[in-house]
Amino acid sequence: MKKLTLKQQIEKDLNVAVRCVIKHLPFLGEFKITSSSQEGVDYQCNDCFALFKKLDKNMSWVSPFDLAESISKNFKSEFTEINVSKPAFLNFRIKNSQLVKIAKDINKNGKLQLENQEKQTVFFDYGGANIGKELHAGHLRTIIVGEALKRVYNAFGHDTIADTYLGDWGLPLGLIIAQLCENGGIKDGKLWVDITLEMLNDVYPLASKRKNIEPEFKKLAEDITAKLQNFVEPYYSIYKKIREVSVTRIKKNYERMGCTFDLYNGESNAQPYVDNVLGILEKQGLTYIDKDCLMINVAKDGEHIPMPKKNPADKNEPQLYKNPMPPVILQKGNGGDLYATSDIATILYRQRDFSPDKYIYVTDFRQSLHFTQVFRIIKKGNIVAKNIEFVHIGTGAVVGTDGKPFKTRDGGTIRLEEVVDMVKDAVINRGASAESAERIGVSALKFADLSNNVKTDFTFDMEKFTSFEGKTGPYLLYTVARINSILNKAIDLNTCLEEEIVSSTERNILTSIIKLVDSYPIALHTNTLNTIADSIYILAQTFNIFYGQTNILRETDTKKQSHYLGLCKLVKTSIEFALWSLGIDTVETM
RNA sequence: GUUCUCGUAGCUCAGUUGGAUAGAGCAUCAGCCUUCUAAGCUGAGGGUCCCUGGUUCGAGCCCAGGCGGGAACGCCA
């Protein structure tokens, strides 16, 4: 039997009452409750208006309010009180005994009880690392959001597989190797230098710059890329070495961000499946040739999108495409394949190896057209079963305080490592120990990101990250550290929640926990995390108010004191669980 | 040009399928540490939710049309 959350149980009771009242009519849909901002009201239901409207004019109710009152009279629940307010709101106030019961369960189980869901396997693709390049500030969001969302799925008991999908097969590798050839790093088919991260850090930016100004160099890099992709030596061995060095570093960076992957596959792993994919699509007659490229149309009927004009000033330039959505190039004029093809080929073997029910990609929002196209190809080409769900979460850009893409003062990118070092140093300056400083610093970065909407741009403001005041990650860790301090001093004392809740502050703590639990389904449903982040903050804030009002250790009434300690334990467990689900680690002391 | 996205307090942002008096943090001002960690707590001021229409009992949220910022749009990923 499925265990329902408090909210679900109240909804169930409510719908029994609704059916009681309108039993002789076809039912018009489930009534829903939402959390309420009204004083003394925990949940409210606003559905009486809509139901009244749908009802036959000959019914006995003269107004939505009238209807609400009838439902209210038929409402029976061991979980909540009900009352009606004008114009026609049904208001619910959870019984204290229920709040305490849930609190006791949390203390007993050491975690929040989330709603039961049918178990799924969900494949996560985030992180966005490229071989030969350092992770930088622009990677923050995909790492933070991807990891958090993965853990939220875990919190519900779903199986997850995380693959960072390395950019390890394109022109960048050719550029690095070309540069090594030119500076003598590779001679006579042999490698003469040690491949290190430091070296790659110098080589790639240089090669990338040369590509744009030296056509011969670009040609060389393209040739090498092609050879590499045909596994020609010594390029392939050198490539493998570069990959190894890079992955070690990338892993280390991810680790510092509290981020773990099950797989470090990349575009290269997709290569063996590319022909397979093209075969499947060609066989169904979905592809065509245009300008030497193998194309696929992903238009839906009735949609129209003109081809962009190369020169906006030229009004006579013909519009090449009248298709709904631009078609996709599967294979370049020279036979090479492109990222869309790799992505599809990757899905082919992911499906074979893991058969997930759902795929979630977290990348920068600029790739959203690309993913829409890929997902359409998957469906259109019957690459996987129809019921498998594909989701792309496009995060907003990381921007500086000027609103422009985040850059250092001299216009360069800032490495992820440097970002972590900076916040860590700031924490140490506040007097934290070296061990806990990094966690505290990373919590600031993560919470700042997660409490914003995924889609909007994320302002990278170092001053804000290092101030640690107000609604920040460190505030949450601080709350837990305060509780730890109390619990450590009270180690010999009883902790037992009482049925009687006296103060409204205590009750607020318990309802904050209910709201935290309710925030999880919202997160899953909308693929956003800020509702959870916000709920944790409110819980911490509510506790800190209680902390200010109550001296727990000096309480002389032992029954009261053990109740207070029970509340402490409850808040600690709840916050730690919720922070874990967002990928944020707590610290023992601060 | 087409499509996507954003526009809410001085600043950074929340606002859960439309719900009651639009909320936080920062900043500003005024208080609280001989008392469990002041990275904290209390209080005050601060709003044309970009504009104009529409839908309805009710719109920051939905629809239409504007204005403004950002982005994507065939051989990069």
Side-chain angles (χ1 to χ4, degrees), chain A residues 32 34-38 41 44 46 49 52-53 63-64 85-89 128 130 167 170-172 267 290-293 295 303-309 312 315 319-321 324-329 331-334 336 338-340 342-343 363-370 372 394 396-397 399 401 403-405 427 430-432 440 448 451-453 455-457 459 461 463-464 467-472 474-475 477-479 481-486 489-490 518-519 521-523 525-526 528 530-531 533-534 537-538 541 544-545 547-555 568 589-590:
Chain A
K32 297 262 165 76
T34 55
S35 65
S36 174
S37 55
Q38 296 300 108
V41 182
Q44 69 182 61
N46 311 320
F49 300 100
F52 180 76
K53 194 171 247 181
S63 69
S85 64
K86 286 198 167 168
F89 298 111
N130 287 308
L171 187 62
E267 294 166 311
D290 186 24
K291 295 191 176 142
D292 296 333
C293 296
M295 308 286 300
E303 290 180 333
H304 290 281
I305 183 173
M307 176 62 188
K309 288 176 179 158
K315 286 181 182 153
Q319 295 192 338
L320 297 177
Y321 301 113
M325 175 165 286
V328 179
I329 300 183
Q331 213 167 31
K332 296 196 277 193
N334 68 5
L338 245 34
Y339 50 101
S342 305
D343 275 337
T363 74
D364 186 283
F365 74 104
R366 282 178 286 242
Q367 292 190 34
S368 61
L369 174 61
H370 160 66
T372 309
V399 299
T401 43
K404 292 182 179 151
V427 174
R430 297 261 326 204
I440 298 168
S451 55
N452 282 3
N453 191 314
K455 273 192 288 190
T456 52
D457 287 350
T459 306
D461 185 347
E463 242 176 76
K464 197 176 159 189
S467 71
F468 311 130
E469 266 156 33
K471 193 174 180 179
T472 61
Y475 175 87
L477 302 200
Y478 180 67
T479 306
R482 275 178 149 182
I483 296 174
N484 287 339
S485 175
I486 292 173
K489 284 172 186 161
D518 289 342
S519 72
I522 294 171
H525 183 244
T526 58
T528 59
N530 56 303
T531 315
D534 226 47
Y537 175 71
I538 290 167
Q541 204 178 32
N544 280 321
I545 293 168
Y547 180 95
Q549 290 172 350
T550 323
N551 197 314
I552 298 159
L553 291 179
R554 290 193 167 197
E555 177 58 55
C568 287
T589 59
M590 278 178 80

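Predicted, not measured: the structure shown is a model, and the values here were computed from it. Chain naming here is simple, since letters A, B, ... match the order of the sequence lines and numbering starts at 1 in each.
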Tell me what [X] touches on the nucleic acid: a base, only sugar-phosphate, or nothing, going by heavy atoms under 4.0 Å.
X	result
S35(A)	base
S36(A)	nothing
E469(A)	sugar-phosphate
N530(A)	sugar-phosphate
S485(A)	base

Look at the side chain of L369(A) and decide which nucleotide, out of C73(B), A27(B), A20(B), has an atom nearest to it. C73(B)

Nucleotide nearest K455(A) (side chain, heavy atoms from C-beta), chosen from C6(B), A24(B), A77(B): C6(B)

For the residue pair F89(A) and F49(A), does the interplanar ring angle fall in the parallel (under 30°), tilted (30 to 60°) or perpendicular (over 60°) class? perpendicular

Base partner of [N], which must satisfy Watson-Crick or wobble distances under 3.5 Å:
N	value
A9(B)	none
C62(B)	G54(B)
A72(B)	U2(B)
U21(B)	none
U48(B)	none

All heavy atoms of L553(A) vs all of A490(A), minimum pair found to be CD2-CB, 3.9 Å

